[in-house]
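Please read the structure below before turning to the comments.
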Amino acid sequence: MHWLWVLIVGAIIGALAGAITNKGKSMGWISNIIAGLVGSVVGEAILGSWGPQVAGMAIIPSVIGAIILVLVVSFFLSRS
């Protein structure tokens with residue numbers, strides 16, 4: 001049951017990062033989940049684990065990490 005919550009929260013974090021960066025329309029729901037989960041790892045590695053936590057992910061660092069991830073990936077994909 002925990003993994004289901006992790007996937008749901010990861011999708012929400014990824015969708016929020018896509019909406020903030022205006023790149024969410026080109027991302028599918030699987031990409032939102034991946035961006036949310038990887039962004040959570042990146043954000044917590046850089047900023048630490050502070051703020052409110054849901055499903056073991058600190059929300060604020062996770063969203064910031066997902067935003068960074070979406071911007072970096074879209075930069076490299078747009079250059080091709």
Side-chain angles (χ1 to χ4, degrees):
M1 191 68 172
H2 174 72
W3 287 106
L4 180 63
W5 282 112
V6 168
L7 292 176
I8 292 170
V9 172
I12 293 170
I13 290 171
L16 186 61
I20 290 172
T21 59
N22 291 326
K23 306 289 185 201
K25 293 182 177 93
S26 62
M27 294 172 43
W29 60 275
I30 294 177
S31 298
N32 281 337
I33 293 172
I34 293 171
L37 294 176
V38 175
S40 176
V41 171
V42 169
E44 288 185 23
I46 294 172
L47 301 171
S49 180
W50 52 273
Q53 293 192 0
V54 177
M57 293 183 268
I59 299 299
I60 298 170
S62 296
V63 170
I64 294 170
I67 290 170
I68 292 169
L69 179 73
V70 168
L71 290 174
V72 168
V73 169
S74 65
F75 174 75
F76 283 113
L77 290 180
S78 67
R79 294 184 71 194
S80 298

statement: Quick note, side chain to side chain donor-acceptor pair (under 3.5 Å) partners involving residues 9-19, not counting sequence neighbours, are none
message: Can you tell me which residue among V6, V9, I12, L7 is in a side-chain contact (heavy atoms from CB on, under 4.5 Å) with I33?
response: L7
query: What pair of heavy atoms forms the shortest contact from V70 to A35, and how long is it?
result: CG2-CB, 4.2 Å
message: Hydrophobic cluster membership, with links at side-chain heavy-atom distances under 4.5 Å among I/L/V/M/F/W/Y: are V41 and I59 in one?
response: no
message: Quick test of your reading: applying side chain to side chain donor-acceptor pair (under 3.5 Å), list the pairs with at least one residue in residues 57-75, sequence neighbours left out, ordered by first then second residue.
response: S40-S62
query: Sub-3.5 Å donor-acceptor pair from the side chain of E44 to the main-chain atoms of P61, do we have one?
result: no
message: Consider side-chain contact (heavy atoms from CB on, under 4.5 Å). Of I67, V73, V72, which one does L69 pass it with?
response: V73
- prompt: What heavy-atom pair brings G10 and L37 nearest, and what distance separates the two atoms?
  reply: CA-CD2, 4.1 Å
task: Can you measure from CD1 (I20) to CG (L16) and round to the nearest 0.5 angstrom?
output: 4.0 Å
- prompt: Are more than 12 heavy atoms from other residues, nucleotides or ligands located less than 6.0 Å from atom CH2 of W50?
  reply: yes
